[in-house]
Structure formats: structure tokens, C-alpha cells
Peer 1: 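Have a look at the structure that comes next, please.
Numbered from 1 within each chain, the chains take letters A, B, ... in sequence-line order.
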Amino acid sequence: MPVVSTRISRAEYWEHVRCRISGFRHSYTVKPGLYAAGRPDERSEVLVTANYKLSFDSLRKELGGLDVWILVLDTKGINVWCAAGKGTFGSDELINRLGAAQVGSVVAHKRLILPQLGGPGVSSQKVRQTTGFSVSFGPVRAGDIHEYIKAGCKATPEMRRVHFPLVDRLVLTPMELNPAFKMYPWFALLTLLFFGLQPQGIIFRDALAGGLPFLLLGVIAIISGAFLTPALLPFIPFRAFAVKGWIAGIISVSLAMQMTALHGHMDALLLAFSYIFFPLASSYIGLQFTGSTTFTGMTGVKKELGIGIPLYLFFSAVSVILLIVYKLGQWGVL
Amino acid sequence: MKYLANIVSLELFPEKCVGCGLCVEVCPHAVFQIKDKKAVIRDRDQCMECGACVQNCAFGALKVDKGVGCAAALINGMITGGEPSCDCSGQGSTGNCC
């Protein structure tokens, strides 16, 4: 039986950081099965978790001083809540894993403690009917597990609530910025091509001189949608994320325009383009954050998309038309 | 923080409820409370449609259109015509998860 430490090593801290900023998270797993923390015996509680190592580690680092079993389900390397939503942290996997790990012969009781957020995937009555094990839903946060067990497996209402404080939102922003910035080189290339393109060919000097302000505005739109919107989420008015992203975008773009004195120098068509396109991009990127929050439901996001997508397409088309008119004017065609 | 008002698909059928309180236990947003030995919806707009209550109600007293509240997943589903998926489980994922 593997015994796990309740300390996180320096190397693991670094791995946790990598999970927060890159695709490293997709292969950060532990082997499903039964583990021991402390010196558990046949009367010790069994805590169930996912095989995403970041989830497993957030549980085991809270287990100092406890003697418990940890049953790790095969959730394909996904955290408890997401896996429960998809059903991989689910009744069937739990039932199979209880058998495969022979939990029934390791402990003399029939109790399991599941993380509360496993609820969407696990039906407690199905598990009890099939295996005889009774499921107690423990606290949302592993940090409350000591108190929960001490209280005789009773959670306070506060232990049952999911919050979404600033620090929780901030740790998610690198993985909002990351995919947005992956698109940035394409945006930059198109911008430089657009400004460099002249009847004589592609002029490098024009590409840079004309394109630079827009490369800057592109960065601002990404930061506004992927960082400012999540960070300032409760303080930006309105509940729709597309609206929040747009508000963050229009303010950021306006401030950038004022600070760089671009207002006075920019062609009216390009100015209109900037004020339409970049807040729109910020809105779209901000809307993506719905996938990372702890409180957005599918029906609401569907409604946002139903209204949002036609608007995104329409104003993107308007943006392109403005650019074409500007270019034709520049070439003296119009 | 609350998401859009008056849109949640959650339904409670009081005649089927026996007041076991499991929905109060699994709900991460304290949507339910027990009143006169039956569950009542305390704050609808807090519901995020995770489906934990429905999954654990042995009496069929709850119904919700369960799914991921994730724009990337829903857009993916629209493009591919399949189930909403943010491709969280790896291989070529663009990052956003659930």
C-alpha cells in the first residue's frame, strides 16, 4: 500500500505553478487506487479524490496529523468538480474502484467521504445500493477536512459554500491569457500586412509605422478581456460576461488612446475601427472566462452566446469594412 | 456574485420531496433550504445548473438542464455539431477548463 507524505516538496510546488500556466496540467496525474496518509487502520475514514495530481496534492497537504485512506478515482487527470460534471468522477467509476482497490477488505466499516463537489457525478444512493458503502459529502475545501472529521463528519453551512475570491480568480488568469496570446501572432501578422500593403508592394516601414498602435491595442484588448475582466469581475457592472468584457475593453482602449495621444493622430476611420473592434475582442475573451468561474450556468451562457455571436459577427464585419474603406482611400481609389 | 437573473432551468416538485435535505448538502451555492420538512428554493439565481441536487435526489423531486456554463465548450459544440466540449481532457487543448 503506497503511503503518501502530507508535505508538498519544492519540486511539486514548481509543478503546481506549471499546471497554472501551461498545458503541463494535461499530463499531471497520479495512479488511481488506494493510498494511506499517516498510519490508517481498518477503522480509518476513506477520503475519495480525483487523479489530477494538483487535486490529490491539495487534499494530502491538509491531512497532516490524520490517519486516513485516500481512494483515487480515474478521472483522466481532471479535477473533482469538472470530472463530476463530465461523469468521470462518477458513481460507476467509484463503484468499480472500490472493488478494484479492495476497499471492503481494507476497512471494517462502510463509510466514504467524498468531496462535496463530486456531487454532480456521484449518486449516493446508487453507490449505497450497489456496494453497501454510504457516501458522506464532505466540505468543498480540503482545508476544512480536519474540522469536518472532528465534528463527526458534519459540515457547517460555510464549508458547503463555493466562493470565488480575488486570489482564486487571479490564479486562473494565466490560462486565460495563454490561449488569447496564442492567437496574437496571427493578429500581428495580419495587422502588419494590412498597413504594409501598398500598390507598390509590401512596404516594411509603413507596416511598422501604421501597425504599431494596433499591435499595442491588440495587447490591451487581450489583457482587458483575459486579466482585467476576471480580476475585477464583481466590480464591473452588469452580470453578463460579454458586457463586463466590453466595458473593461472600452475603458482600457480609451485610456490607452488618451495616454499615447493616438486620438489626435489617427484617421477617423481607423479611430472608429479601434473603438469598435478592440472592445469587441475584449468582450469575446471576457466571455470565455465563464468556463472558469464557479457560478455560471449553461442556460445563461447559451443566452449570452445567442445574443452575442450575431453581434460579434456583425461588428467584425463592420470593422473589416472600415479597414477596406480606409485602405481604398489611402490608395486614392475612393 | 450572481449570474444572469431569472434564467436558471432548475425546477422543484414539492409533492415529491420528502425533506431528506441531501440537496441542501450537495449544493455549492446554498440554493435550497428546508422549511416545514420540505426543500424550498431559497435563491434561484444562485443556481449554476451543476446537477448535484438532481443526481442525489432519490425521489425525483428536482429537475435541471445540467451542463457546463462554459462559452468555449458551447461554441465548440456549435461548430462541431456535437456535445459541448472544451476539450479539457488534454491533447491539443487550448487551455480553458470547465
Peer 1: For chain A, find which of B:Gly51, B:Ala30, B:Ser9 contributes the most heavy-atom pairs closer than 4.5 angstrom.
Peer 2: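 Winner by heavy-atom pair count: B:Ala30.
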Peer 1: Looking only at heavy atoms, which two atoms of A:Ile309 and B:Ile75 are closest? And how far apart?
Peer 2: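 So the minimum-distance heavy-atom pair works out to CD1-CG1, 4.4 Å.
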Peer 1: For B:Cys53, which atoms come within 4.5 Å of any heavy atom of chain A: side chain, backbone, both, or neither?
Peer 2: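 Contact with chain A is absent: no heavy atom of B:Cys53 under 4.5 Å.
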Peer 1: Which of the residues A:Leu305, A:Thr296, A:Val162 is involved in the greatest number of heavy-atom pairs with chain B at under 4.5 angstrom?
Peer 2: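 Option with the greatest count: A:Thr296.
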Peer 1: Please check if the number of heavy atoms outside A:Tyr284 that lie under 6.0 Å from its OH is greater than 12.
Peer 2: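 No, OH of A:Tyr284 has 12 or fewer neighbouring heavy atoms, counting only those of other groups under 6.0 Å.
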Peer 1: Would the distance check show the side chain of A:Gln288 and the main-chain N or O of B:Ala71 forming a donor-acceptor pair, the cut-off being under 3.5 Å?
Peer 2: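 Such a contact is absent between A:Gln288 side chain and B:Ala71 backbone.
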Peer 1: Should B:Pro28 and A:Thr294 count as side-chain neighbours, where that means a heavy-atom distance under 4.5 Å?
Peer 2: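 Heavy-atom side-chain distance check fails, nothing below 4.5 Å.
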Peer 1: Kindly say whether A:Gly121 contributes a backbone atom to a donor-acceptor pair with the side chain of B:Gln55 at under 3.5 angstrom?
Peer 2: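 Looks like yes, one N/O pair under 3.5 Å.
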Peer 1: Do B:Met1 and A:Thr293 have side chains that approach each other closer than 4.5 Å (heavy atoms only, starting at C-beta)?
Peer 2: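 A side-chain contact under 4.5 Å is absent here.
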Peer 1: State whether the number of non-hydrogen atoms from other residues, nucleotides or ligands found under 6.0 Å of B:Phe13 atom CZ is greater than 12.
Peer 2: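 Atom CZ in B:Phe13 is crowded, with more than 12 foreign heavy atoms closer than 6.0 Å.
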Peer 1: Is any side-chain heavy atom of A:Gln116 closer than 4.5 Å to one of B:Glu25?
Peer 2: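 No, every pair of side-chain atoms sits at 4.5 Å or beyond.
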Peer 1: Under 4.5 Å from any heavy atom of chain A, what part of B:Asp45 do you find: side chain, backbone, both or neither?
Peer 2: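 Interface part for B:Asp45: side chain.
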Peer 1: Any idea which heavy atoms bring A:Lys303 and B:Leu4 closest together, and the distance?
Peer 2: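 What the structure gives for the nearest pair is CD-CD1, 4.2 Å.
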Peer 1: Might you point out which heavy atoms bring B:Tyr3 and A:Phe241 nearest each other, and give the distance in Å?
Peer 2: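 So the minimum-distance heavy-atom pair works out to CE1-CD1, 3.5 Å.
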Peer 1: Under 4.5 Å heavy-atom distance to chain A, tell me which part of B:Val24 shows up: side chain, backbone, both or neither.
Peer 2: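 Answer is backbone: N, CA, C or O of B:Val24 sit under 4.5 Å from chain A.
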Peer 1: Should we count NZ of B:Lys63 as having more than 12 external heavy atoms under 6.0 Å?
Peer 2: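 Counting neighbours around NZ of B:Lys63, 12 or fewer heavy atoms of other residues, nucleotides or ligands fall under 6.0 Å, so no.
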Peer 1: In terms of heavy-atom pairs under 4.5 Å, which option from B:Glu83, B:Lys66, B:Met78, B:Gln46 contacts chain A the most?
Peer 2: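 Most heavy-atom pairs under 4.5 Å with chain A: B:Lys66.
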Peer 1: Should B:Phe59 and A:Gln125 count as side-chain neighbours, where that means a heavy-atom distance under 4.5 Å?
Peer 2: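 The answer is no, as the side chains (C-beta and beyond) never meet within the 4.5 Å cut-off.
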Peer 1: Give the ring-plane orientation class for A:Trp81 versus B:His29, where under 30° counts as parallel, over 60° as perpendicular and anything between as tilted.
Peer 2: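 Rings of A:Trp81 and B:His29: tilted, as their planes differ by 30° to 60°.
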Peer 1: State, to 0.1 Å, how close B:Ile7 and A:Thr299 come at their nearest heavy-atom pair, and which atoms those are.
Peer 2: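 Nearest heavy atoms, B:Ile7 then A:Thr299: O-CG2, 3.5 Å.
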Peer 1: Chain B: which of A:Arg160, A:Lys302, A:Met159 shares the most heavy-atom pairs with it under 4.5 Å?
Peer 2: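 Going by pairs under 4.5 Å, I would pick A:Arg160.
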Peer 1: Show the nearest heavy-atom pair for residues A:Ser124 and B:Leu22, with the distance to one decimal.
Peer 2: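 Answer, listing the atom of A:Ser124 first, then B:Leu22: OG-CD2, 3.3 Å.
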